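Just so it is clear: chains get the letters A, B, ... in the order the sequence lines come, proteins before strands, and each one is counted from 1. Since the model is a prediction, treat every value here as computed from it, not as a measurement. All values below come from the heavy atoms of this structure, side chains included, with hydrogens, waters and symmetry mates left out.
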Number of protein chains: 2
Amino acid sequence: MDTDQKIMQIPLPTLKRLPIYYQYLTKMEREGVRDVSCAKIARDLGLVAVQVRKDLQLTGAVGRPKTGYQVSRLMRALSSTLGYDNKTEMFLVGAGSLGKALMGYKRFQEYNIGIAAAFDASEAAVGLEIGGTPVLPLSKFPSLCHRMHVKFGVICVPAEAAQEVADMMVSSGIEAIWNFAPVTLDVPDTVIVHNENLTASLSILLNKYKTSHPESERD
Amino acid sequence: MDTDQKIMQIPLPTLKRLPIYYQYLTKMEREGVRDVSCAKIARDLGLVAVQVRKDLQLTGAVGRPKTGYQVSRLMRALSSTLGYDNKTEMFLVGAGSLGKALMGYKRFQEYNIGIAAAFDASEAAVGLEIGGTPVLPLSKFPSLCHRMHVKFGVICVPAEAAQEVADMMVSSGIEAIWNFAPVTLDVPDTVIVHNENLTASLSILLNKYKTSHPESERD
DNA sequence: TTAGTATCGATATAATATTATCGATATAAA
DNA sequence: TTTATATCGATAATATTATATCGATACTAA
Ligand SMILES: NC(=O)c1ccc[n+]([C@@H]2O[C@H](COP(=O)([O-])OP(=O)(O)OC[C@H]3O[C@@H](n4cnc5c(N)ncnc54)[C@H](O)[C@@H]3O)[C@@H](O)[C@H]2O)c1
Ligand SMILES: NC(=O)c1ccc[n+]([C@@H]2O[C@H](COP(=O)([O-])OP(=O)(O)OC[C@H]3O[C@@H](n4cnc5c(N)ncnc54)[C@H](O)[C@@H]3O)[C@@H](O)[C@H]2O)c1
């Protein structure tokens with residue numbers, strides 16, 4: 001009906017799958033595939049076709065009977081829904097080993113995402129440049145953040161320092177935080193926090209393994 | 001009734017919250033807190049009390065009216081459920097920037113998890129030692145894996161190489177894979193794969209931000 | 001042109017997860 | 001001792017998510 005991207009609330013489980021579809025389609029496109037059906041996507045990604053179809057419907061994508069979805073159009077629908085259309089500039093705090101890995105990760109560019117600058121409290125880190133991104137003194141964060149209108153912050157400091165960094169980010173104008181520290185941050189509810197808790201995530205694997213291998217349960 | 005840890009299938013949403021409770025309790029314990037109620041846990045973690053109670057019930061934890069749960073006992077229930085009781089040794093492949101960050105991460109030890117060795121195809125990486133973990137030539141993986149009965153593999157290689165690494169892991173006896181490469185791995189269904197797709201995860205934040213800030217939606 | 005078929009889109013059903021409610025019980029205070 | 005209350009544990013109700021089904025449609029090939 002209307003071709004504009006409608007802003008709608010997408011269920012979280014679906015939202016988690018959308019980027020997977022996008023990454024998959026990137027590969028298809030590289031391989032020269034023009035059209036793709038829900039059945040094929042589902043087969044390749046270990047899902048079921050109805051679910052894929054229902055997910056894609058939420059992005060406004062429209063397919064055709066018998067042929068499926070046009071890859072390029074489907075990718076446009078997904079990238080619009082996922083926010084890859086607009087450039088996303090992030091400020092990262094904590095240029096330790098994890099922070100540096102993120103700073104050096106080239107593929108964020110494919111999604112129009114960039115780490116504009118990193119900040120660290122340590123003398124040793126300040127002055128470094130990783131993947132073209134400079135590490136600046138923490139004290140510069142508030143002014144630069146306001147000046148550049150940066151809205152996304154990445155927290156890569158030790159757990160103990162995470163809350164104070166979050167506070168500083170919020171007071172500097174940050175509105176969305178990608179948090180790698182294993183703590184629950186307390187922020188105003190106008191600020192969105194997305195936790196990347198790697199240890200918690202690994203724990204899921206441990207439990208799944210344990211559940212599927214009850215014999216290893218000695219003691 | 002029976003104090004033994006019963007092996008049961010825990011719903012995935014609950015399983016994702018359990019490690020968060022554990023990390024939270026670690027903090028409480030450090031602060032000298034003896035008992036804690038679902039209401040308090042919920043308040044501090046931004047959840048609702050009933051959900052916390054129901055989650056904890058699945059670990060076999062038992063509380064007392066009026067006082068709540070004993071922190072130490074609750075942590076034991078959680079660590080048993082999450083598999084922290086048994087030592088987990090992992091082999092990591094791909095000692096690049098992300099792999100090195102994981103190798104150097106000290107806090108895995110708190111969960112009885114360790115990276116026993118890392119492997120890399122590049123001459124430059126082989127021979128390094130990060131956080132006490134050596135980087136070995138990839139060719140050593142199969143024999144060492146069999147010999148040491150390592151069951152957990154971590155994939156930190158570029159996307160293009162991930163499937164071949166997974167194949168090698170499976171044929172070497174690996175039964176659970178923590179995969180950081182943004183691809184869907186094809187493995188026998190006796191092997192458990194847990195994907196850590198950081199870009200996909202970040203995309204969720206982009207969408208949430210976009211949805212909550214429709215005004216920034218200028219074309 | 002017609003028949004056959006793969007696929008979408010919509011709707012209906014089933015499964016799962018969250019939230020509400022309430023009685024039972026342990027502690028603390030009157 | 002009795003009363004008040006915070007909390008658990010269980011059950012019930014609701015909400016959300018996943019899956020099944022089926023008609024409509026576009027392509028293919030007879
Ligand atoms: N490295 C991993 O593999 C890994 C895994 C899971 C979780 N994490 C979490 O990610 C975060 C970062 O981990 P890491 O391994 O990179 O740690 P790290 O110690 O290597 O780096 C932390 C960096 O933060 C800086 N820093 C400390 N306090 C600061 C402050 N108040 N303001 C600004 N900078 C400050 C330090 O100078 C350092 O450069 C931690 O919260 C950690 O728990 C890391
Ligand atoms: N660095 C990040 O922040 C980040 C973010 C998101 C996803 N990832 C993903 O994590 C993975 C690793 O990323 P990275 O930044 O550490 O990459 P990297 O290039 O720094 O490291 C990759 C390492 O893998 C090794 N390698 C390549 N092919 C191999 C093979 N066949 N066998 C063994 N070793 C091999 C390389 O020698 C290198 O040491 C990639 O799949 C990447 O997409 C990384």
Side-chain angles (χ1 to χ4, degrees), chain A residues 1-3 6 8-18 20-21 24-25 28 33-75 77-78 81 204 207-208 211, chain B residues 1-3 6 8-21 25 28 33-75 77-78 81 204 207-208 211:
Chain A
M1 206 143 291
D2 59 342
T3 46
K6 210 177 291 158
M8 58 171 79
Q9 185 71 7
I10 291 181
L12 193 57
T14 292
L15 194 48
K16 283 181 181 167
R17 288 186 295 266
L18 295 185
I20 315 289
Y21 299 140
Y24 170 80
L25 291 169
M28 287 299 112
V33 176
R34 280 277 176 75
D35 301 278
V36 68
S37 70
C38 290
K40 176 164 169 52
I41 296 175
R43 207 173 326 115
D44 290 346
L45 297 180
L47 303 168
V48 296
V50 226
Q51 185 167 58
V52 174
R53 199 174 308 128
K54 216 155 170 262
D55 286 346
L56 296 182
Q57 265 165 19
L58 291 170
T59 68
V62 31
R64 330 173 62 181
K66 189 83 179 189
T67 52
Y69 298 85
Q70 196 181 325
V71 172
S72 58
R73 295 217 307 151
L74 188 47
M75 287 184 75
L78 282 163
T81 304
I204 297 171
N207 174 281
K208 282 190 188 164
T211 307
Chain B
M1 207 142 292
D2 58 341
T3 46
K6 210 177 293 159
M8 56 171 79
Q9 185 71 8
I10 291 180
L12 193 56
T14 293
L15 192 49
K16 284 182 181 167
R17 287 187 295 267
L18 294 184
I20 314 289
Y21 299 139
L25 290 169
M28 289 298 112
V33 176
R34 280 278 175 74
D35 301 278
V36 66
S37 70
C38 289
K40 175 163 170 54
I41 297 176
R43 207 173 328 113
D44 291 346
L45 297 181
L47 303 169
V48 296
V50 226
Q51 184 167 59
V52 174
R53 198 173 309 126
K54 218 160 170 258
D55 286 346
L56 296 181
Q57 265 166 16
L58 290 169
T59 68
V62 31
R64 329 175 61 178
K66 189 86 177 188
T67 52
Y69 298 85
Q70 196 181 328
V71 172
S72 58
R73 297 217 308 150
L74 188 47
M75 287 185 75
L78 282 163
T81 304
I204 296 170
N207 175 279
K208 281 190 188 162
T211 307

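Within the 4.0 angstrom heavy-atom criterion, base atoms lie near A:R53. Residue A:V50 is in base contact, counting any heavy-atom pair closer than 4.0 Å across all strands shown.
From B:T59, atom OG1 reaches atom CG of B:L18 across 7.0 Å, with rounding to the nearest 0.5 Å. Note that CD of A:Q51 and CG of A:L45 are 11.0 Å apart. Values are rounded to the nearest 0.5 Å. The structure places NZ of B:K66 at 13.0 Å from CG of B:D35, a figure rounded to the nearest 0.5 Å. Note that CG of B:L15 is 4.5 Å distant from CG of A:N207, once rounded to the nearest 0.5 Å.
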TODO: Give the intermediate values and the outcome of side chain to side chain contact (heavy atoms under 4.5 Å, CB included) for residues A:Y69 and A:M75.
DONE: CA-CA 10 Å; A:Y69 298 85; A:M75 287 184 75; over 6 Å; no
- [ ] Could you check B:R73 against B:V62 for side chain to side chain contact (heavy atoms under 4.5 Å, CB included), going step by step and ending with a plain yes or no?
- [x] CA-CA 9 Å; B:R73 297 217 308 150; B:V62 31; 3.8 Å; yes
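The base of C:dT5 is paired with the side chain of A:K66 by a donor and an acceptor separated by under 3.5 Å.
Nearer the 5' end of DNA chain D, as judged by each residue's closest nucleotide, is the contact made by B:Y69, out of A:P13 and B:Y69. Both B:A39 and A:P65 lie close to DNA chain D; mapped to their nearest nucleotides by heavy-atom distance, the more 5′-ward contact belongs to B:A39.
Here B:R64 reaches the OP1 or OP2 of C:dT27: one of its side-chain N or O atoms lies under 4.0 Å away.
Between chain A and DNA chain D, the heavy-atom contact criterion of under 4.0 Å yields a 5' to 3' nucleotide range of D:dT17 to D:dC27.
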